[in-house]
Amino acid sequence: MRARRTAVGWLFLAPFAVVFLLYTAVPTVAALGFSLTDLRGSDLRHPLAVDFTGLENYVRLFQDDAFVRDILNTALFVAVGVPLTMGIGFALALALNSGVRRLRGAFRTVFFAPVVTNVVAVALIWQYAFHADGTVNRVLSAVGLAGPNWLDDPHLAMPVVIALGVWRNFGTAMVLFLAGLQAIPRDVYEAAALDGAGRWRQLRHITLPLLLPTTLMVSVLLTVFYLQVFDEPYLLTDGGPLGSTESVALYTYHQFGVGELGVSSAASFVMLALVALVSVVQFRLLRPRS
Amino acid sequence: MTTVAALREAAEPATGRTTVRRRSVSQPLLYAALLMCALLTLLPFVWVLGGSLRSLDEIRSDPGAWLPHHVTLGNFTRLFRTQGFGRFLVNSVVVAAMVVVGNVVAASAAGYALAKLEFAGRRLAFGAVMAALMVPFTTVFVPQFVITVDLGLADSLTGIALPAMALPLSVFIMRQYALSIPDELLEAARIDGAGEFRIFFRIFLPLAGPAVATITIMSFLTSWNNFIWPLVVAQSMQSYTLPVGLAATSQAAAHVTDYGLLLAGAIVVMLPVLVLFLFLQRYFVQGVAGTGMR
C-alpha cells in the first residue's frame with residue numbers, strides 16, 4: 001500500500017522531475033565539476049582530455065582584473081538600481097493607493113507595461129534614443145545643450161544601462177508595494193488622524209513601519225535579480241565601452257563564447273554563491289512572519 | 001522577475017479600496033505628476049510605433065522625428081519578405097505552444113501530487129522545486145547547452161523549448177492552488193473507489209481552471225520573451241525565435257542604420273504580449289487570487 005502510494009506520487013511528479021533532473025540538478029552539479037577543470041569548448045568531443053585543476057580557475061578569476069572590475073560593475077548596478085527602482089515604485093504605489101481614485105487601473109496598467117515588454121525590443125529603442133543624434137540629444141539640443149554619445153562614453157554608458165533596468169522593473173516594485181499598502185488596516189490611519197497626526201507623520205510612523213516586511217522582500221527580490229543582470233548590458237553595449245558595463249553574468253557568457261567553459265563555470269559559481277547568500281538572508285528575514 | 005511581479009499583480013484585488021478622504025488641494029498636482037510619469041513610461045512605445053511607420057528616406061532625412069509624415073507599412077513588408085521574420089514568428093509560436101502545453105501537463109500533475117498525495121520523498125521533491133526557483137540561469141546554461149548537444153537537440157525548436165517546459169514557478173502556483181481545494185472532495189471519491197488518476201482527471205482538473213489559466217499566461221510570457229537560452233541554442237536562422245532574430249537583424253543593420261526596419265521588428269516582437277496583457281489582466285487577477293498567494 002505504501003509502496004503503491006509512493007509509486008503513484010512519483011508518477012505524477014515524473015514529467016517535472018525529468019526536466020528538473022536534466023536541466024537543473026545535473027547542470028548544477030556539472031557546472032561545479034566543470035569549474036574545477038580546464039574544460040574548453042573543443043574538449044566536448046573528447047572528455048578524457050580534460051584535466052582536474054582544483055581551484056585554479058577560481059584563483060585565476062580573482063587575479064583577472066576584468067572579473068574584479070565586473071564584480072564592481074555588478075555591485076554598482078545593484079547599489080544604484082535597487083534604491084532607484086524601489087523609490088520610484090514606492091512613490092507611484094503611494095500615489096495610486098492614497099491619492100487617486102479615477103484612472104487608477106489605467107495608471108497601474110501603464111506602469112506595469114514595461115515589465116511584460118520584450119527586452120530586445122526595448123533595448124533597441126533605448127539604443128536609438130541615446131544615439132549621438134537620437135531623441136534624447138535632440139531634446140537636449142532644443143534647450144541649447146550638446147548631448148554626448150551616451151553609449152560610447154565609459155562614464156555615461158552605465159547610467160543608461162541602469163536606467164533601462166530601472167524602467168523595466170519599477171512596475172514590479174510598484175505592484176508589490178501596492179499589495180503591501182492595501183494590507184494596512186484603514187482604521188489605523190483614522191485613529192492617527194483623530195489624534196491629529198498629519199500626512200507626513202502618518203507616513204513616517206504608520207506606513208513605513210508597517211510596510212517594512214514588504215520593503216525587505218522587494219529589496220531582496222530586486223537584489224537577487226539585479227545581481228544576475230545580463231540582458232541590459234548585453235543588448236545595449238555588450239559590456240563596453242572598455243568593459244565599463246560588463247556584468248558578472250556577461251563575463252560568464254563571454255568566457256563561454258571564447259570556449260573557456262571551466263572559467264565560465266567558476267565565474268557562475270561565484271555568482272551562485274552571492275545569490276544564495278542573499279536568498280538565505282531573505283529566508284531569515286521573511287520566515288518568522290509567514 | 002516578470003512572473004513574480006505578475007503574480008503579485010494578480011494577488012491584488014481588482015478594485016482596491018479607497019483610503020481616507022484627503023484634502024483635495026493636492027489632487028490636481030498629483031494627477032499631473034502621475035500623468036507625466038505615465039507619458040514618460042509610454043514614450044518609448046509611441047516613438048517605436050511612429051518610427052516603424054516611416055519610410056527609410058524619411059528617417060534618413062530626419063532621424064529624430066516622432067511621427068511619420070506619410071504612414072507606410074513598407075518596413076513590415078520588408079521584414080517579412082526579406083528578413084525572415086515570418087519564420088521567426090512561426091518559431092516563437094511553436095516554442096511557446098510547446099512550453100505552455102508542457103507546463104500545464106507537468107505542473108498540474110506535480111502540483112497536485114505535492115499538495116494532495118501522501119508519499120515518500122514528497123518533502124524532498126518540494127525542496128527541489130524551491131531550489132530550482134533560485135538557481136541563476138548563468139550557473140546552469142553551459143551544462144544545459146552540453147546536454148542539449150548530447151541529446152542531438154542543438155539548433156532545434158525542441159532544444160529551445162525543453163528546459164522551460166516544466167518551470168518550477170508553474171509547479172509552485174499549482175501546488176498553492178491545490179492546497180485550497182478541500183480534501184473531503186477527493187476523499188469522497190476515494191471512498192467511492194475511484195483511482196488516483198481518475199480523481200485527478202475527473203475531480204481535480206475541472207476545478208483547477210484558474211490555476212491552469214495563470215500557468216498558461218505565465219509560461220507563454222516566459223517563453224515569448226526568453227532571449228539568452230534561444231540565443232545559445234539557435235545556431236542558424238532556421239531556429240531563431242523572434243527576440244533572437246531581432247537581435248541578429250539589429251547587429252546586421254547597425255552599420256546601415258535601417259531604423260525603420262528595426263523598429264517594425266520591435267513592434268512585431270512586443271505587440272502580441274502587450275495585447276495579451278491588456279486583455280487578460282483580469283484573468284491574471286482572477287487566476288492567482290485563487291491560488292491564495294500573497
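The sequence lines fix the lettering, A, B, ..., with proteins before strands; numbering per chain opens at 1.
Atom CE of M165(B) sits about 10.0 Å away from atom OH of Y23(A), to the nearest 0.5 Å. A distance of 12.0 Å separates OH in Y112(B) from CG in L13(A), rounded to the nearest 0.5 Å. Atom CZ in F230(A) sits 8.0 Å away from atom OG1 in T138(B) (nearest 0.5 Å). Atom CG of L34(B) sits about 9.5 Å away from atom CG of L103(A), to the nearest 0.5 Å. Atoms CG and OG1, from L167(B) and T24(A) in turn, are 9.5 Å apart once rounded to the nearest 0.5 Å.
The aromatic rings of F227(B) and Y234(A) lie tilted to each other, with the angle between the two planes from 30° to 60°. Note: W47(B) and Y128(A) have tilted aromatic rings, judged against thresholds of 30 and 60 degrees for the angle between ring planes. Note on ring orientation: taking the six-membered ring where Trp is involved, the planes of F107(A) and Y31(B) are tilted (angle from 30° to 60°).
Heavy-atom distances place both the backbone and the side chain of V120(A) under 4.5 Å from chain B. Neither the backbone nor the side chain of L242(B) has a heavy atom closer than 4.5 Å to any heavy atom of chain A. Only the side chain of V26(A) comes within contact range of chain B, with heavy atoms under 4.5 Å apart. Contact annotation for V275(A): only side-chain heavy atoms (C-beta onward) come within less than 4.5 Å of a heavy atom of chain B. Heavy-atom distances place no part of I88(A) under 4.5 Å from chain B, backbone and side chain included. Only the side chain of S264(A) comes within less than 4.5 Å of a heavy atom of chain B; its backbone N, CA, C and O stay farther away. Contacts of N137(A) with chain B are absent, with no heavy-atom separation under 4.5 Å from either backbone or side chain. Looking at V232(B), the atoms closer than 4.5 Å to chain A (heavy atoms on both sides) all sit in the side chain, from C-beta outward. For a residue to count as touching a neighbouring chain, one of its non-hydrogen atoms must lie under 4.5 Å from one of that chain's; by this rule I147(B) touches chain A with the side chain only. Interface remark: Y253(A) contributes backbone and side-chain atoms alike to the contact with chain B (heavy atom separation under 4.5 Å).
Considering every non-hydrogen atom in both G9(A) and L117(B), the closest pair reads CA-CD1, 4.2 Å. F16(A) and P168(B) make their closest contact through CE1-CA, 4.1 Å (heavy atoms, listed as atom of the first residue, atom of the second, distance). The shortest non-hydrogen separation linking F141(B) to T252(A) is CE2-CG2, 3.9 Å. Of all the heavy atoms in L124(A) and A266(B), the pair that sits closest is CD2-CB, 4.2 Å. Smallest separation of non-hydrogen atoms from P44(B) and W126(A): CG-CZ3, 4.3 Å. In this structure, R5(A) and F119(B) approach most closely via the heavy-atom pair O-CB, 3.6 Å.
Your options are A113(B), A106(B), P136(B), and the one with the most heavy-atom pairs under 4.5 Å with chain A is P136(B). Each of C37(B), A247(B), S108(B) has some count of heavy-atom pairs under 4.5 Å with chain A, and the biggest count is that of C37(B). Here I228(B) is the residue among I228(B), L271(B), L274(B) with the most heavy-atom pairs under 4.5 Å with chain A. Between chain A and the options A125(B), G111(B), A132(B), the largest number of non-hydrogen pairs under 4.5 Å is found for A132(B). The choice from A129(A), A121(A), P27(A) that makes the most heavy-atom pairs within less than 4.5 Å of chain B is P27(A).
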Fill in: Stepwise side chain to side chain contact (heavy atoms under 4.5 Å, CB included) test for L42(B) and V110(A)
CA-CA 7 Å; L42(B) 289 180; V110(A) 168; 3.7 Å; yes
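Side-chain contact check for T109(A) versus F277(B): some heavy-atom pair is nearer than 4.5 Å. Between F145(B) and L261(A) there is no side-chain heavy-atom pair separated by less than 4.5 Å. Side-chain contact between L151(B) and L22(A) is present, with at least one heavy-atom pair separated by less than 4.5 Å. Looking at heavy atoms from C-beta onward, V171(B) lies out of side-chain contact with F20(A) at the 4.5 angstrom threshold.
Although no hydrogens or angles enter the test, the distance criterion places a donor-acceptor pair under 3.5 Å between the side chain of N225(B) and the main chain of V116(A). A donor-acceptor pair under 3.5 Å links the side-chain atoms of T139(B) to the main chain of S268(A), judged by distance alone.
In summary, of the residues considered (F201(B), F200(B), F204(B)), a ring pair (Phe, Tyr, Trp, His ring centres under 6.0 Å) with F12(A) occurs for F200(B) alone.
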